[in-house]
Engineer: 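One structure coming up, written as structure tokens, with questions to follow.
Not measured: the values here are computed from a predicted model.
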Amino acid sequence: MASTGQFDLSELELYADDEERVLICCQSECGHALSVAGSQVTSHLRDKHHVAKELRDGLTRYLKHGHLYSFRNPANVAPRDDGSQIHRMLRVYDGFACRECPYKTINYDEYSRHASKEHLRGRQASRQRVDPYYDEVYLQTWTHGSSRRYWTVKKNGSTIRPVAGRGPSEHLQSLQARERVRAEDQARTYRANTTAPTLAGTRPWMERTRWEITYQG
């Protein structure tokens, strides 16, 4: 294989995505694109998948100089659009998508920290408080590790994934209940931020002068 300068990438369970020009490892435990910088692909096959040396010989040179096009760094490739069809060579993850912003993750604890900081004004992120702010979804990403950026994908026609132990009707009821809780929480926040203090709740000086009410206009 090395003598001809050509490689059957599928034999190494690698896939060249011609549209985005990235190289994807299709092994079941991977399903993400690889950087071709240096000898990273060869090292990945050796260390992660124990591919024999004779199958790897010449691969680094081929990827840099023998392939039809230069591969891009997958960390620099933009995520696909939310709601895309599943990319058949990328791994599909069970994940969480924020309803209030573009944040997505495959880790619930990471999402709860995000919700507490960004949407609950630092309040403790209990399950009841956090539930109305996210959807359980299917996710894909080009990369692995800290550079991951996710997009939602459709599986069986929907980006929303079923929750274990719930049928379709129970899942719909759960979504409706979560939406009610979120609406009630937002209404309480609005009232707390807009309701003027009563005189009974002010100090004696404030009550006599009515200064706080005058200040609020």
Engineer: Trp142 and side-chain contact (heavy atoms from CB on, under 4.5 Å): which partner among Leu34, Val22, Asn76, Asn73?
Structural biologist: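 The side-chain contact (heavy atoms from CB on, under 4.5 Å) with Trp142 is passed solely by Val22 among Leu34, Val22, Asn76, Asn73.
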Engineer: Would a hydrophobic clustering, with Ile, Leu, Val, Met, Phe, Trp and Tyr connected at side-chain separations under 4.5 Å, put Leu55 with Val36?
Structural biologist: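 Result: yes, single cluster for both.
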Engineer: Hey, is the main chain of Asp81 close enough, under 3.5 Å, to the side chain of Ser84 for a donor-acceptor pair?
Structural biologist: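 Yes: the side chain of Ser84 pairs with the backbone of Asp81.
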Engineer: Is atom CD of Glu29 surrounded by more than 12 heavy atoms (other residues, nucleotides or ligands) closer than 6.0 Å?
Structural biologist: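 Atom CD in Glu29 is packed in, count exceeds 12.
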Engineer: Could you tell me whether Lys53 and Asp57 have a side-chain N and a carboxylate O separated by less than 4.0 Å?
Structural biologist: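 Between Asp57 and Lys53 there is a salt bridge, with a charged N closer than 4.0 Å to a carboxylate O.
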Engineer: Surrounding CG of Asn156 (heavy atoms of other residues, nucleotides or ligands, distance under 6.0 Å), is the total greater than 12?
Structural biologist: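 Incorrect, the count does not exceed 12.
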Engineer: Is it true that Thr105 and Asn107 share a donor-acceptor pair across their side chains at a distance under 3.5 Å?
Structural biologist: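 Short answer, no.
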Engineer: Can you tell me how far apart OG (Ser28) and NE2 (His49) are? Round to the nearest 0.5 Å.
Structural biologist: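 Reported to 0.5 Å precision, the distance equals 8.0 Å.
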Engineer: I need the minimum non-hydrogen distance between Thr152 and Ala97, along with the two atoms involved.
Structural biologist: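 Residues Thr152 and Ala97, closest heavy atoms: CG2-CB, 4.5 Å.
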Engineer: Check whether any side-chain heavy atom of Arg161 sits under 4.5 Å from a side-chain heavy atom of Lys155, and report yes or no.
Structural biologist: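 A side-chain contact is absent here, since even the closest heavy-atom pair is not under 4.5 Å.
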Engineer: Kindly compute the distance separating CG (Leu90) from SG (Cys30), expressed to the nearest 0.5 Å.
Structural biologist: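 Spacing of CG (Leu90) from SG (Cys30) equals 11.5 Å.
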Engineer: If you compare all heavy atoms of His114 against all heavy atoms of Cys101, which two are closest, and at what distance to 0.1 Å?
Structural biologist: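 The pair with the smallest heavy-atom distance is NE2-SG, 3.2 Å.
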Engineer: Hey, is the main chain of Gly58 close enough, under 3.5 Å, to the side chain of Arg61 for a donor-acceptor pair?
Structural biologist: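 Flag not set: sc Arg61 to bb Gly58 has no pair under 3.5 Å.
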Engineer: Atom NE2 of residue position His67 - does it have more than 12 heavy atoms of other residues, nucleotides or ligands inside 6.0 Å?
Structural biologist: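 Atom NE2 in His67 is packed in, count exceeds 12.
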Engineer: Any chance you could measure Trp151, atom CH2, to Arg80, atom CZ, to the nearest 0.5 Å?
Structural biologist: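 Going from CH2 on Trp151 over to CZ on Arg80, the span is 6.0 Å.
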Engineer: Could you check if a side-chain atom of Pro74 sits within less than 4.5 angstrom of a side-chain atom of Glu20, using non-hydrogen atoms only?
Structural biologist: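 They are not in contact (no side-chain heavy atoms under 4.5 Å apart), so the answer is no.
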Engineer: Can you name the nearest heavy-atom pair linking Leu9 to Ala16, along with the distance?
Structural biologist: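 Minimum heavy-atom contact is CD1-CB, 4.2 Å.
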Engineer: Check for me, please, whether Val51 and Leu63 land in the same ILVMFWY cluster - side-chain distances under 4.5 Å, paths through other members count.
Structural biologist: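 Linked within one cluster.
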Engineer: What heavy-atom pair brings Gln140 and His87 nearest, and what distance separates the two atoms?
Structural biologist: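 Answer, listing the atom of Gln140 first, then His87: OE1-N, 2.9 Å.
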Engineer: Kindly indicate, with the supporting measurements, whether the criterion salt bridge (Lys or Arg N to Asp or Glu O under 4.0 Å) is fulfilled by Arg21 and Asp17.
Structural biologist: CA-CA 5 Å; Arg21 298 196 171 191; Asp17 184 299; over 6 Å; no
Engineer: For the pair Lys104 and Asp82, evaluate salt bridge (Lys or Arg N to Asp or Glu O under 4.0 Å) and give the outcome as yes or no after the intermediate values.
Structural biologist: CA-CA 11 Å; Lys104 302 174 187 69; Asp82 284 332; 3.2 Å; yes
Engineer: Hey, quick one: are Met89 and Tyr138 part of the same hydrophobic cluster, counting side-chain heavy atoms closer than 4.5 Å, chains of contacts allowed?
Structural biologist: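 Yes, Met89 and Tyr138 fall within the same hydrophobic cluster.
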Engineer: Return the OH to OH distance between Tyr93 and Tyr150, rounded to the nearest 0.5 Å.
Structural biologist: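 Interatomic distance, Tyr93 OH to Tyr150 OH, rounded to 0.5 Å: 6.0 Å.
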Engineer: With a 6.0 Å cut-off (strictly less than), is the heavy-atom count around NZ of Lys154, excluding the residue itself, greater than 12?
Structural biologist: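 It does not: Lys154 NZ has 12 such atoms or fewer within range.
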Engineer: Using a 4.5 Å cut-off on heavy atoms from C-beta on, say whether the side chain of Val41 contacts that of Leu59.
Structural biologist: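 Side chain of Leu59 against side chain of Val41, heavy atoms only: contact under 4.5 Å found.
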Engineer: Taking the six-membered ring for Trp, are Phe96 and Tyr108 closer than 6.0 Å centroid to centroid?
Structural biologist: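 Yes, they do, as the ring centres are separated by less than 6.0 Å.
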Engineer: What's the spacing between Leu139 CG and Thr159 OG1 if we round to 0.5 Å?
Structural biologist: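 Taking CG in Leu139 and OG1 in Thr159, the distance rounds to 9.5 Å.
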Engineer: Crowded around Arg149 CZ? As in, over 12 foreign heavy atoms under 6.0 Å?
Structural biologist: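 Counting neighbours around CZ of Arg149, more than 12 heavy atoms of other residues, nucleotides or ligands fall under 6.0 Å, so yes.
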Engineer: Linking I/L/V/M/F/W/Y whenever any side-chain heavy atoms sit under 4.5 Å apart, do Phe7 and Phe71 land together?
Structural biologist: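 Same cluster.
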Engineer: Do you see a donor-acceptor pair shorter than 3.5 Å between the side chains of Thr42 and Thr60?
Structural biologist: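 Yes.
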Engineer: Step by step, would you call Tyr15 with Ser10 a side-chain contact (heavy atoms from CB on, under 4.5 Å)?
Structural biologist: CA-CA 6 Å; Tyr15 174 79; Ser10 63; over 6 Å; no
Engineer: Testing the basics here: between Gly31 and Ile24, what is the closest heavy-atom pair and its distance to 0.1 Å?
Structural biologist: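 Scanning both residues completely, I find the closest heavy atoms to be C-CG2, 4.4 Å.
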Engineer: Could you state whether Val92 and Val77 fall into the same hydrophobic cluster, counting links through intermediate Ile, Leu, Val, Met, Phe, Trp or Tyr residues with side-chain heavy atoms under 4.5 angstrom apart?
Structural biologist: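 Result: yes, single cluster for both.
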Engineer: Going from NZ on Lys64 to OG on Ser39, what distance comes out if it is rounded to the nearest 0.5 angstrom?
Structural biologist: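 Rounded to the nearest 0.5 Å, the NZ-OG separation comes out at 8.5 Å.
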Engineer: Could you report the tightest heavy-atom contact between His44 and Cys25, atom names first, then the distance?
Structural biologist: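 Heavy atoms of His44 and Cys25 come nearest at NE2-SG, 3.5 Å.
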Engineer: For Thr143 and His32: C-alpha separation, side-chain torsions, deciding distance, then whether side-chain contact (heavy atoms from CB on, under 4.5 Å) applies.
Structural biologist: CA-CA 5 Å; Thr143 58; His32 59 80; 5.9 Å; no
Engineer: Begin from the C-alpha positions of His119 and Cys98 and carry the test side-chain contact (heavy atoms from CB on, under 4.5 Å) through to its verdict.
Structural biologist: CA-CA 10 Å; His119 306 305; Cys98 188; 3.3 Å; yes
